[in-house]
Amino acid sequence: MNSNGMVQVDHLYGYAKVSWPQYCRLDGPVARRVLLALSHYTSGHYTLPNYVALSRAHQMFSEGKAKATNMTLGMSILVPADDATFIISRSNPPNSTVDPTPIALGETILWDKRFKITLSQLEPRTPPTSKQFLIRHMIQADWELARKGIRKVRTTALPPEMIRGGLPVIVNKDGKVVLIPHFRVIERSAGVVCELKFAPEKSLEYCLLGCYEMQGKLCNMPP
């Protein structure tokens, strides 16, 4: 998928950047499969799409009409990054519709079907304040907290603003922020630390292959 540099996947933050000129040179059916595969991969959700929405997204991006607008496709968002690239990532879920995910000390879970998170004790001599925590999506208040600890010069680039809401935040039972893993925010008094990896259940290659199989189930979708 990333041959010739058309698609670059950011494995830290879990989004894909697509070369606009190269995408526009793809045949229509192939381009739609690429959009669908990237939508599945970056969102972690492998549902049948609305063909009208898929075709509209493809048309807008292939004709350059989407360079000033964002679009949703399934559980993904498509956003112009600049005149040469656009980004596909997990769309920001409304806070009211997503329940926090429990995680216990020593447990490893696949959160939001995208990030593998392992919670462990920070130091052997510092017992954690609890053995049960919650993972939720990042909100603006978390970003304001993270910004305070972000240095002006970083070895790792910050993610585009539109994908921050799809990143995980670990809180205690009272809702207090304990960890913001991507930005190295840690409440040391809580006594826990985590390992994090972008690891969707299905590989990008699998998602692309799956789009061929899904095609037969999509009413009116051309070959």
If we only count heavy atoms from C-beta on, is the [X] to [Y] side-chain gap below 4.5 Å?
{"X": "I135", "Y": "F133", "answer": "no"}
{"X": "P160", "Y": "V79", "answer": "no"}
{"X": "L167", "Y": "F115", "answer": "yes"}
{"X": "L26", "Y": "M6", "answer": "yes"}
{"X": "H40", "Y": "K202", "answer": "no"}
{"X": "H182", "Y": "R164", "answer": "no"}
{"X": "D142", "Y": "R136", "answer": "yes"}
{"X": "I77", "Y": "I87", "answer": "no"}

If I compare all heavy atoms of [X] with all of [Y], which pair ends up nearest, and what's the gap?
{"X": "G166", "Y": "R90", "value": "CA-CG, 4.5 Å"}
{"X": "A57", "Y": "L78", "value": "CB-CD2, 4.4 Å"}
{"X": "P200", "Y": "Y46", "value": "CB-OH, 3.8 Å"}
{"X": "S76", "Y": "S43", "value": "OG-CB, 3.4 Å"}
{"X": "P168", "Y": "P181", "value": "O-CD, 3.4 Å"}
{"X": "L105", "Y": "S120", "value": "CD1-C, 3.5 Å"}

>> Show, in sequence, the C-alpha distance, side-chain angles and deciding distance for L119 and E107, and conclude whether the side-chain contact (heavy atoms from CB on, under 4.5 Å) test is met.
In response: CA-CA 6 Å; L119 194 65; E107 185 179 12; 5.9 Å; no

How long is the gap from [atom1] on [X] to [atom2] on [Y], to the nearest 0.5 Å?
{"X": "S55", "Y": "M60", "atom1": "OG", "atom2": "CE", "answer": "13.0 Å"}
{"X": "T85", "Y": "K17", "atom1": "OG1", "atom2": "NZ", "answer": "5.0 Å"}
{"X": "S91", "Y": "N70", "atom1": "OG", "atom2": "CG", "answer": "11.5 Å"}
{"X": "L36", "Y": "H58", "atom1": "CG", "atom2": "NE2", "answer": "13.0 Å"}
{"X": "S89", "Y": "L38", "atom1": "OG", "atom2": "CG", "answer": "11.0 Å"}

> V7 and Y13: same hydrophobic cluster, using ILVMFWY side-chain contacts below 4.5 Å?
Replying inline: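 Shared cluster, yes.
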
> Would L54 end up clustered with M75 when hydrophobic side chains under 4.5 Å apart are linked, directly or stepwise?
Replying inline: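 Different hydrophobic clusters.
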
> Are there more than 12 heavy atoms of other residues, nucleotides or ligands under 6.0 Å from atom CD of E201?
Replying inline: yes

> Is the CD atom of E161 crowded by more than 12 outside heavy atoms at less than 6.0 Å?
Replying inline: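 Atom CD in E161 is not crowded, with 12 or fewer foreign heavy atoms closer than 6.0 Å.
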
>> Before you tell me yes or no, could you show the steps for R114 and D112 under salt bridge (charged side-chain N to carboxylate O under 4.0 Å, His left out), namely the whole-Å CA-CA distance, both residues' side-chain angles and the distance that decides it to 0.1 Å?
In response: CA-CA 5 Å; R114 299 177 299 130; D112 201 31; 2.9 Å; yes

>> Run the side chain to side chain donor-acceptor pair (under 3.5 Å) test against H45 and tell me which residues pass, sequence neighbours left out.
In response: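 None.
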
Report yes or no: does [X] contribute a side-chain atom to a donor-acceptor pair with the main-chain N or O of [Y] at less than 3.5 Å?
{"X": "D27", "Y": "P29", "value": "no"}
{"X": "D174", "Y": "K176", "value": "no"}
{"X": "S39", "Y": "L73", "value": "yes"}

> According to the interplanar angle, ranging from 0 to 90°, do the rings of H137 and W111 count as parallel (below 30°), tilted (30 to 60°) or perpendicular (above 60°)?
Replying inline: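 The arrangement is tilted - the two ring planes meet at 30° to 60°.
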
> With under 30° as parallel and over 60° as perpendicular, where do the rings of Y41 and H11 fit, or are they tilted in between?
Replying inline: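 The arrangement is perpendicular - the two ring planes meet at more than 60°.
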
> Is a side-chain donor-acceptor pair under 3.5 Å present for Q132 with S130?
Replying inline: no

>> Let's go through F183 and L145 carefully: what are the C-alpha distance in whole Å and the side-chain angles of both, what is the deciding distance for side-chain contact (heavy atoms from CB on, under 4.5 Å) to 0.1 Å, and is it a yes or a no?
In response: CA-CA 10 Å; F183 304 107; L145 178 62; over 6 Å; no

> Which one of T108, L179, I170, L110 satisfies the side-chain contact (heavy atoms from CB on, under 4.5 Å) criterion with I117?
Replying inline: I170

> Would V34 and V18 count as a side-chain contact (heavy atoms from CB on, under 4.5 Å) if you check the C-alpha gap in whole Å, the side-chain angles of each, and the deciding distance to 0.1 Å?
Replying inline: CA-CA 10 Å; V34 168; V18 183; 5.5 Å; no

> Hey, mind stepping through L122 and I186 against side-chain contact (heavy atoms from CB on, under 4.5 Å) and telling me if it holds?
Replying inline: CA-CA 10 Å; L122 178 60; I186 178 170; 4.0 Å; yes

